[in-house]
Enquirer: 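Quick one: the structure is below, and I'll ask about it shortly.
Proteins come first, then strands; the chains are lettered A, B, ... in the order of their sequence lines, and each starts at number 1. Note that these values count all heavy atoms, side chains included, but never hydrogens, waters or copies made by symmetry.
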Protein chains: 2
Amino acid sequence: MPAPQKDRRGALRTISPERPEKAARPEHETRTRIIEAAEALFMLHGFEGTSLRMLTARAGVNLAAVNYHFGSKDALIEALFRRRLDPMNAERAAGLARLETEAGGRPLAPAAIIRAFIAPSLRMFEDARGGGRNFIRLLGRAYTDPSRGLRALMGQLYADAMTRYRDAFRRALPGLPHEELSWRLYFMFGTLSYTLTATDTMQLIAGSKQADRYDARLIEQRLLAFLTAGLLAAEPRENKVRQAA
Amino acid sequence: MPAPQKDRRGALRTISPERPEKAARPEHETRTRIIEAAEALFMLHGFEGTSLRMLTARAGVNLAAVNYHFGSKDALIEALFRRRLDPMNAERAAGLARLETEAGGRPLAPAAIIRAFIAPSLRMFEDARGGGRNFIRLLGRAYTDPSRGLRALMGQLYADAMTRYRDAFRRALPGLPHEELSWRLYFMFGTLSYTLTATDTMQLIAGSKQADRYDARLIEQRLLAFLTAGLLAAEPRENKVRQAA
DNA sequence: GTCTATAAGTGGATAGAC
DNA sequence: GTCTATCCACTTATAGAC
């Protein structure tokens, strides 16, 4: 994604305030149709594996429409991630701010901070029909995508939320060295991402299908228990761990 | 990867037992050169993003050599993963068997089982120069790759180790419901995979470079503390967790 | 804003000489 | 076992009609 052309239409079109009732139309707009087709196909075939021809065919628009509306395939990818990620991370920031207001200066419970972070992901994961679940998985893949541009975009889109939450955890756990905390947040982020992204691993482990594999509320409880315990684990001491044989 | 042609040379060539000293030559064999170039390029540009032309140019072999030695690009990918994964999972199985022998019928400590599972990954991660670290990252990407064939291959290559370890954990934690255990193993596998695969996230979280980012021994201790705590966390109760605002 | 037609290039794979 | 030359399907992107 080396600095592609800019979208010729500028930012996402805002809904005209005069006719709030009729605003449902954007679902059928070319731009939205393209993004939604792309979300589905990128998940099925990857970014490189999805051609503009497959994409425009599925969206029911002309082949040239992608370049007209977004400027390039890379710019479409960026628009696709921004469309859902910006609101999601804004929600994260708002959730944390709300917790802090409620606490009124008292330190936050680590579990509450974790929940505020993972909740927006799980809410989106819950939305299977609207494409949210699919998007969450696409997101998990984007973190480890080979494209430098895509990983840089992810870093950019997450930077604000990451900083806010890291600082909140530092305040909540003043005794934990920053370095140790960074590792644990890294582990936690990885667990969340992998859990919602990988599809086949679970079946492999369980040996059978788990009925509750898609129950966002149960996943949230289980993740919360696991992550909170991990975050609050006793610090490893250099020589406490005996060498493996 | 829809059932590609079979390798025309059959399985990996075994080293002639008559001349064990001279056996170092395979490093320069065409087949090995191709696989090693592929490991590096697949990490840099992805599977789809790496063309046979880039690959053979880097390996210093003829364009037609890939199809001659492996049959197809997909078959090369399969050979590449088998080459390192089969020994790694055999090592996992051996490590578990050793623990069980040492214990002589007594239940194993959960932390010891975790260590036996993650140790082979970390040992490979440690081998930056020989390409092991690169391979571990490639592996992490393969779990979430869009290609059905690749994910199926992963499942196949991991099936045995997964079953053995799952059963070991069940014996070590007889009180934990199987379903709950499956989720926790899933979380653990995700944490391990993501931790060793993702490169940019850590810097994003820490806000600066962590000096010990590549120290396999420290990573092992930190992972072990985190994962053990998560595995042994108190079971979440339906109503114990209050609803988020 | 949408369309067709096409440019200009890349992809994996292979035939057949050596 | 290695090479060259090539096939042809398929790619992104664009020019220009409507």
Enquirer: Only one of R92(B), E126(B), E91(B) clears side-chain hydrogen bond (donor to acceptor under 3.5 Å, both in side chains) with S121(B); which?
Expert: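 Of the listed residues R92(B), E126(B), E91(B), the side-chain hydrogen bond (donor to acceptor under 3.5 Å, both in side chains) partner of S121(B) is R92(B).
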
Enquirer: Give each protein N/O atom lying under 3.5 Å from an N/O atom of nucleotides 16-18 of chain C, with the pair distance.
Expert:
none

Enquirer: Starting at atom CZ of R53(B), determine the distance to atom P of dG11(C), rounded to an integer number of angstrom.
Expert: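 Computing the R53(B):CZ to dG11(C):P distance gives 6 Å.
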
Enquirer: Given atom CE of M54(B) and atom P of dT10(C), what is their separation to the nearest angstrom?
Expert: 12 Å

Enquirer: Between C1' on dT10(C) and NE2 on H45(B), what's the gap in Å once rounded to a whole number?
Expert: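 Atom NE2 in H45(B) sits about 15 Å away from atom C1' in dT10(C).
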
Enquirer: Measure up the Y214(B) and F125(B) rings against each other and bin them: parallel (under 30°), tilted (30 to 60°), perpendicular (over 60°).
Expert: tilted

Enquirer: Round to the nearest Å and state the distance from F70(B) atom CZ to dA13(C) atom P.
Expert: 13 Å

Enquirer: Do NZ/NE/NH1/NH2 and the carboxylate oxygens of R123(B) and D127(B) come within less than 4.0 Å?
Expert: no

Enquirer: Would you mind reading off the distance between L63(A) atom CG and dG1(C) atom P, rounded to a whole angstrom?
Expert: 18 Å

Enquirer: Between P on dA13(C) and CG on L52(B), what's the gap in Å once rounded to a whole number?
Expert: 6 Å

Enquirer: What is the distance, to the nearest angstrom, from the CG atom on N62(B) to the P atom on dC3(D)?
Expert: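 It is 5 Å, rounded to the nearest whole Å.
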
Enquirer: Do you see a donor-acceptor pair shorter than 3.5 Å between the side chains of Y158(B) and Y143(B)?
Expert: yes

Enquirer: Nearest whole Å is fine: how far is dG12(C) P from L41(B) CG?
Expert: 12 Å

Enquirer: Can you label the angle between the F135(A) ring and the F81(A) ring as parallel, tilted or perpendicular, going by 30° and 60°?
Expert: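 Rings of F135(A) and F81(A): tilted, as their planes differ by 30° to 60°.
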
Enquirer: Considering every strand and a 4.0 Å limit on heavy-atom distances, what is the contact class for T50(A): base, sugar-phosphate, or nothing?
Expert: sugar-phosphate

Enquirer: For A65(B) and for S51(A), find the nucleotide of DNA chain D with the closest heavy atom, then tell me which residue's nucleotide is more 5'.
Expert: A65(B)

Enquirer: Hey, does the side chain of T30(A) come within less than 4.0 Å of dT2(C)'s phosphate (OP1/OP2), counting only N and O?
Expert: yes

Enquirer: How far apart are the C-alpha atoms of T191(A) and T191(B), what are their side-chain angles, what is the distance that settles it, and do they pass the side-chain hydrogen bond (donor to acceptor under 3.5 Å, both in side chains) test?
Expert: CA-CA 5 Å; T191(A) 308; T191(B) 308; 2.5 Å; yes

Enquirer: Checking contacts here: which listed nucleotide (dT2(C), dA13(D), dG12(C)) is nearest the side-chain heavy atoms of K73(B)?
Expert: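 For the K73(B) side chain, the nearest candidate turns out to be dG12(C).
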
Enquirer: Begin from the C-alpha positions of R141(B) and D145(B) and carry the test salt bridge (charged side-chain N to carboxylate O under 4.0 Å, His left out) through to its verdict.
Expert: CA-CA 6 Å; R141(B) 200 176 284 162; D145(B) 192 87; over 6 Å; no

